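Count residues from 1 along the sequence. Just so it is clear, the model here is predicted, and its values are computed rather than measured.
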Amino acid sequence: MVSVQYPASGVRPLILFGGTFDPVHGAHVRAALAVSQVLGDAPVRLLPNAVPPHRPQPLANASQRLAMVRLACAGHPALQADDWELRQAGPSYTHLTLQHFRRLIGRRRPLVFMIGADSFASLHQWHGWRRFAALCHLAVVPRPGAPAPLPAVEKAFPRGQARLLQTLPAGRRLMLTHPHMDISATAIREALEHRGQCRALTPVVEAHIRRHGLYNVRTSAAPAAPGIIEPDTDAITNIDVTTNTDATTNTGANTMETTRPHEF
């Protein structure tokens, strides 16, 4: 278990976790809980993208993706769905989201952006990425096979321990060792279409998908768990998370601004 360290000021960081969430799945939840825990049970806002730039658009519409994220967050007090990006016009550029939340929480409170290791390796391709270090920290979640980032990207975000991300407002990088973001949303959608179920999903999210016929799943498809017919937020169980406060992790599932090697 992680030894939780609270900031001296008593103000916990705000963590942002963006992505298409098409659909949101168990690895998203585990990663969000891991980063929250290592940063003193800090709150995490999960933000579905509205219009991901330079990549195919989500199959599920905005309201359905937001509904699934809300279901996945239910039962986890630290997690909250946030529709801010869905309410904005135009592409969901990360630097605009960071600027908004920095204005919202003020200059002194730590702001942390979760990003996957593969996305961290391509951060130099994101629109306005050089502004990020003045706005937020990065929490990097491991991704199998992720390449190394450019030296310029690593230099922009010096590696630091959790306590630095809890006291400084921005500019550091926390590298997590667990959990691994080793689930592909594309593979999940294919499993849903061909088998009508996928164990990578939480039961309530899978039930919602089945009930609404998303991703070509027939409403008559067999449920993944006995007795679960409709979404039930009480059915979501807590997930054990193992992290290391001395390790820095990339847990990014937010929008790639140019190219994105993997889809979460």
Side-chain angles (χ1 to χ4, degrees), residues 7 11-20 28 31-32 34-36 38-39 42-55 82 84-85 88 90-143 146-176 181 247-262 264:
V11 177
R12 299 176 186 177
L14 176 64
I15 303 166
L16 304 180
F17 188 14
T20 54
H28 291 136
V35 177
S36 170
V38 79
L39 294 177
V44 183
R45 300 282 186 93
L46 282 78
L47 297 109
N49 303 147
V51 183
H54 307 295
R55 60 163 296 168
D82 193 310
W84 186 82
E85 286 195 350
Q88 309 311 304
S92 299
Y93 287 114
T94 300
H95 80 276
L96 298 178
T97 299
L98 294 174
Q99 289 173 355
H100 165 75
F101 281 95
R102 175 50 68 196
R103 289 192 297 267
L104 188 68
I105 68 175
R107 292 183 300 173
R108 297 179 63 88
R109 183 179 178 185
L111 182 65
V112 180
F113 178 61
M114 291 178 54
I115 186 170
D118 59 332
S119 295
F120 178 57
S122 301
L123 190 66
H124 61 285
Q125 298 175 336
W126 293 36
H127 184 67
W129 75 272
R130 293 186 181 276
R131 307 175 200 170
F132 290 12
L135 297 168
C136 71
H137 300 295
L138 295 183
V140 182
V141 176
R143 176 88 177 184
L150 292 181
V153 174
E154 292 186 317
K155 184 178 179 180
F157 284 92
R159 185 165 176 163
Q161 295 184 351
R163 60 182 175 80
L164 282 177
L165 276 73
Q166 293 174 283
T167 54
L168 300 177
R172 293 296 188 271
R173 168 172 48 98
L174 181 68
M175 303 298 296
L176 278 68
M181 294 288 286
T248 309
T249 315
N250 262 313
T251 82
N254 209 39
T255 306
M256 275 296 296
E257 265 69 6
T258 54
T259 59
R260 192 168 184 224
H262 298 96
F264 294 120

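Put simply, CG on Leu111 and CG on Leu165 are 10.5 Å apart, with the number rounded to the nearest 0.5 Å. Once rounded to the nearest 0.5 Å, the distance linking CZ of Arg159 with CD of Glu154 reads 9.0 Å. To the nearest 0.5 Å, the span separating OG1 on Thr94 from CG on Asn49 amounts to 7.5 Å. Taking CZ of Phe120 as the start and CH2 of Trp129 as the end, the distance is 9.0 Å to the nearest 0.5 Å. Summarising the geometry, atom CG belonging to Leu39 is positioned 5.0 Å from atom CD1 belonging to Ile15; distances are rounded to the nearest 0.5 Å. One finds the CZ atom of Arg173 at 12.5 Å from the CG atom of Leu164 (value rounded to the nearest 0.5 Å).
In this structure the side chain of Thr167 never reaches within 4.5 angstrom of the side chain of Pro110, judged on heavy atoms. Annotation: side chain of Val44 is in contact with side chain of Met114 (closest heavy-atom distance under 4.5 Å). For the pair Leu14/Leu104, no side-chain contact is recorded, criterion being any heavy-atom separation below 4.5 Å from C-beta on. Side-chain contact between Arg102 and Pro169 is present, with heavy atoms from C-beta onward closer than 4.5 Å.
In terms of heavy atoms, Leu135 sits closest to Gln99 at CD1-CG, 3.9 Å. Residues His95 and Arg131 share a closest heavy-atom pair of CD2-NH1, 3.0 Å. Ala170 and Ala133 get closest at one heavy-atom pair: CB-O, 3.4 Å. Here the closest non-hydrogen pair linking Val35 and Ala139 is CG1-CB, 3.9 Å. In terms of heavy-atom proximity, Cys136 sits nearest to Phe157 at O-CE2, 3.3 Å. Contact between His28 and Phe17 at its shortest, heavy atoms only, is O-CE2, 3.4 Å.
In terms of modelled atom types and a separation under 3.5 Å, the side chain of Ser36 and the main chain of Pro43 share no donor-acceptor contact. For the pair His137 (side chain) and Leu168 (backbone), a donor-acceptor distance under 3.5 Å is present.
Taking the six-membered ring where tryptophan is involved, the planes of His100 and Trp84 are essentially parallel, since the angle between them stays under 30° and well short of 60°.
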